[in-house]
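No experiment lies behind these values; they were computed from the predicted model shown.
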Amino acid sequence: MASFTGKVFVLGDDIDTDIIIPTEYLALKTIDDMRQYGFYPLRPELPSLIQKGDIIVAGNNFGCGSSREQAPEVIKALGVRCVIAKSFARIFYRNSINNGLLLIESSDIQDVVREGDELTVIPGQEIQHKGASYKIGSLPDNLMDILNDGGLVNAMKKRNGVI
């Protein structure tokens, strides 16, 4: 996965799946219909501000709550390139990988980044911010393959020669 740069949107701790996409909007027909309500209880203006390639930086326990797969799908549909947090709920983490959304755990960047800053992410190596570098861990090759293919369904299709 190549390096990328994006503008930062800062969120706090314990951003649960009900904040990412509230229950009342799950009845909408498509993820594209739902995306305008992403983060609505917390910041209703956020979907209109996020541009393709932007980055969310959050605190601890991002994605806690229910196991709804629509949460990472909505984040991806908003154009978010990756979410960087101190920690993630385990089921949200795996749902995100399965849906092709890159998640990065980092306990350092949250204290120095501000909303609107730009970050450069070199997956598996580091995050760069205002001349400083913050080391990040790498994902196993099989998970990187899923992310690079745009999600688990596409990865399996590719593996089975369907695409």
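Evaluation of the salt bridge (Lys or Arg N to Asp or Glu O under 4.0 Å) test over residues 9-18, restricted to residues two or more places apart or in two chains, returns Asp18-Arg68. Among residue pairs with one or both ends in residues 114-123, those qualifying as side-chain hydrogen bond (donor to acceptor under 3.5 Å, both in side chains) are Thr5-Thr120, Arg43-Glu115, Asp117-His129; sequence neighbours excluded.
Side-chain atoms of Thr30 come within 3.5 Å of backbone N or O of Asp33 as a donor-acceptor pair. Put simply, the side chain of Asn95 never gets that close to the backbone of Ala71: no donor and acceptor are under 3.5 Å apart.
The closest side-chain heavy-atom distance from Met1 to Leu102 is below 4.5 Å. Side-chain contact between Leu46 and Leu11 is present, with at least one heavy-atom pair separated by less than 4.5 Å. Looking at Glu105 and Lys86, their side chains never come closer than 4.5 Å, going by heavy atoms from C-beta outward. A heavy-atom distance below 4.5 Å is not found between the side chains of Asp54 and Val8. At least one side-chain heavy atom of Phe4 sits under 4.5 Å from a side-chain heavy atom of Pro123. Between Val80 and Phe9 there is no side-chain heavy-atom pair separated by less than 4.5 Å. Here the side chains of Val57 and Ile109 are in contact, with some heavy-atom distance below 4.5 Å. Between Lys76 and Glu73 there is no side-chain heavy-atom pair separated by less than 4.5 Å.
Qualifying salt bridge (charged side-chain N to carboxylate O under 4.0 Å, His left out) partners for Lys135, counting only residues two or more places apart in sequence or in other chains: Glu126. Every residue was checked against the side-chain contact (heavy atoms from CB on, under 4.5 Å) condition with Gln36, not counting sequence neighbours, and none meets it. Partners of Tyr37 under the ring-ring contact (aromatic ring centres under 6.0 Å, His included) rule, at least two apart in sequence or in another chain, are Tyr25.
Here the closest heavy-atom approach between residue Pro72 and residue Leu101 is recorded as O-CD2, 3.9 Å. Pairing each heavy atom of Gly65 with each of Thr17, the nearest pair is C-OG1, 3.9 Å. Shortest non-hydrogen contact noted between Ala58 and Gly12 is CB-O, 3.7 Å.
Heavy atoms from other residues, nucleotides or ligands lying under 6.0 Å from OH of Tyr134 number more than 12.
If you run side-chain contact (heavy atoms from CB on, under 4.5 Å) between Phe92 and each of Ile15, Ile75, Asn61, only Ile75 comes through. A side-chain contact (heavy atoms from CB on, under 4.5 Å) with Ile84 holds for exactly one of Ile136, Val121, Ile56; it is Val121.
Val74 is not connected to Ile91 by any chain of hydrophobic side-chain contacts under 4.5 Å among Ile, Leu, Val, Met, Phe, Trp and Tyr, and they are in different clusters. Cluster membership check: Ile122 does not share its hydrophobic cluster with Ile55, using side-chain heavy-atom separations under 4.5 Å among Ile, Leu, Val, Met, Phe, Trp and Tyr.
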Pairs under 3.5 angstrom only: tabulate donor-acceptor contacts from the side chains of residues 138-151 to other protein residues two or more places apart or in another chain.
unit_1 : atom_1 : unit_2 : atom_2 : d
Asn148 : ND2    : Met144 : O      : 3.1
Asp149 : OD1    : Lys158 : NZ     : 3.3

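Distance CG/Leu78 to CD/Gln51: 10.5 Å, rounded to 0.5 Å. Summarising the geometry, atom CG belonging to Leu119 is positioned 9.5 Å from atom OG belonging to Ser106; distances are rounded to the nearest 0.5 Å.
Between Ser96 and Asn99, the side chains place no donor N or O within less than 3.5 Å of an acceptor N or O (distance only, hydrogens not considered).
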